[in-house]
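Only one structure is covered here, and it is reproduced in the block below.
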Amino acid sequence: MTTTAAVIGLGAMGLPMATRLAERFTVRGFDIAAERVALAAEQGVAAASSAAEAVADAQAVLVAVRTGAQLDALLFGESGLASHLAEGAVVILTSTVGTEGIADTASRLAEHGAHLVDAPLSGGPVRAGDGDLLIVVGATPDALEIARPILEQLASTLSIVGERPGDGQALKTVNQLLCGVHIAAAAEALALADALGLDREKTLEALTAGAANSFMLGNRGPRALQAYEEEGAEVLSRLDIFVKDLGIVGDAARRAHLSTPVAAAAEQLFLLGEAQGLGAHDDSAVIRVIAPERLS
């Protein structure tokens, strides 16, 4: 029975996940930023002085990294966690890093008596704290049995897509293709409405009531309308995340010898946004790449 979890990295997603898990499990958290550890401790998460201390005796270890290279360094680098994991522990990879190298990571963890649960998630910090995430999972049945109580505490939608680590990354790659394209399309549509002299708020209301609606239009549209304000929209998902994720999409498509021209066009918009200094802005700010200034 899974009773103890560790969360490595208490950032925008790690902290709410840790506090959500602490409602049901014993949770130890570690972050290189001492203030994040202190904040987690105030919310019921046991503070660890090192990542190695956090994972000791934990049946499940949640990690959130930006790239596969960071995952490799975390687990197998000079102070790698793999050698500190409890026998039979599961490492739950919550980030989107792509399929490349995931099978090798799972094999190397197995040499240390541990399992990899490939479980990229979507939803943002608020939904993480509410246990309302979408999580797609690729894992062996034995590893999934250990990880399932943890995943169910975090997810409102838990989709088991395969028994191989990497299957979760594959589905998340497809998901991010659609999300990136939909955000770019929503921005383009609202920019066109502005150029045609339409009231943007009324346009958005009309579009979301009809067949043109999408989750991203309804979710990002209101924030795109705030992109031209002095402080911009609240950052709920950074623009440079889609630079990374659409890069993963492109890499996967090339390995599969598949043409993805619409995703490639969206990727260029996000790359331009990053080059223009919008990387740390909300991803809805991609509208400012299409139309740098309001036209009406």
Side-chain angles (χ1 to χ4, degrees), residues 5-15 17-18 21 28-33 36 48 50-56 58-86 88-123 128 133 135-140 143-144 146-147 150-151 154 161-176 238 240-252 255:
V7 178
I8 307 302
L10 299 168
M13 288 296 290
L15 180 58
M17 286 195 296
L21 291 174
R28 291 193 295 270
F30 175 74
D31 193 286
I32 57 174
R36 300 299 292 183
S50 67
E53 179 185 328
V55 305
Q59 290 106 4
V61 178
L62 278 76
V63 298
V65 291
R66 189 174 176 87
T67 66
Q70 290 177 350
L71 176 65
D72 187 74
L74 175 68
L75 295 176
F76 310 114
E78 185 176 348
S79 301
L81 288 182
S83 59
H84 299 282
L85 294 171
V90 294
V91 174
I92 302 175
L93 174 61
T94 65
S95 0
T96 303
V97 299
T99 59
E100 192 76 358
I102 293 298
D104 182 62
T105 299
S107 295
R108 294 178 70 183
L109 278 175
E111 295 173 2
H112 292 270
H115 311 277
L116 180 64
V117 173
D118 173 25
L121 50 82
S122 298
L133 295 172
I135 306 180
V136 293
V137 182
T140 65
L144 180 58
I146 300 169
I150 298 291
L151 298 172
L154 295 172
V161 298
E163 295 187 357
R164 302 172 302 176
D167 288 341
Q169 293 294 324
L171 183 55
K172 185 65 185 295
T173 299
V174 175
N175 183 84
Q176 293 308 90
R238 287 171 55 122
D240 58 11
I241 292 296
F242 274 95
V243 172
K244 172 183 74 76
D245 287 359
L246 287 173
I248 289 171
V249 170
D251 288 344
R255 288 195 301 271

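- When atom types are taken as modelled, the side chain of K244 and the backbone of T67 share no donor-acceptor pair closer than 3.5 angstrom.
- In this structure, D118 does not pair ionically with K172, as no charged nitrogen and carboxylate oxygen lie closer than 4.0 Å.
- Checking side-chain atoms of D31 against main-chain N and O of L10 turns up a donor-acceptor pair under 3.5 Å.
- Rounding to the nearest 0.5 angstrom, the gap separating the CD1 atom in I92 from the CG atom in L154 is 8.0 Å.
- Side-chain contact between V90 and I150: absent, with no pair of heavy atoms (C-beta onward) separated by less than 4.5 Å.
- Heavy atoms only, all atoms of each residue included: G166 and I102 are closest at N-CG2, 3.4 Å.
- Looking at heavy atoms from C-beta onward, V136 lies out of side-chain contact with N175 at the 4.5 angstrom threshold.
- Contact between A48 and F30 at its shortest, heavy atoms only, is O-CD1, 3.4 Å.
- Taking 4.5 Å as the limit, every side-chain heavy atom of I146 sits out of range of all side-chain heavy atoms of V117.
- Between the S95 side chain and the V65 main chain, a donor and an acceptor come within less than 3.5 Å of each other.
- A heavy-atom distance below 4.5 Å is not found between the side chains of E100 and D251.
- In terms of modelled atom types and a separation under 3.5 Å, the side chain of D104 and the main chain of G101 share no donor-acceptor contact.
- Scanning both residues, I241 and R66, for their nearest heavy atoms gives CD1-NH1, 3.7 Å.
- Interatomic distance, CG of L116 versus CG of L93, reported as 6.0 Å (0.5 Å rounding).
- Contact annotation: the side chain of P120 approaches that of Q169 to within less than 4.5 Å [non-hydrogen atoms, C-beta and beyond].
- Distance alone, capped at 3.5 Å, places no donor-acceptor pair between the T140 side chain and the E163 backbone.
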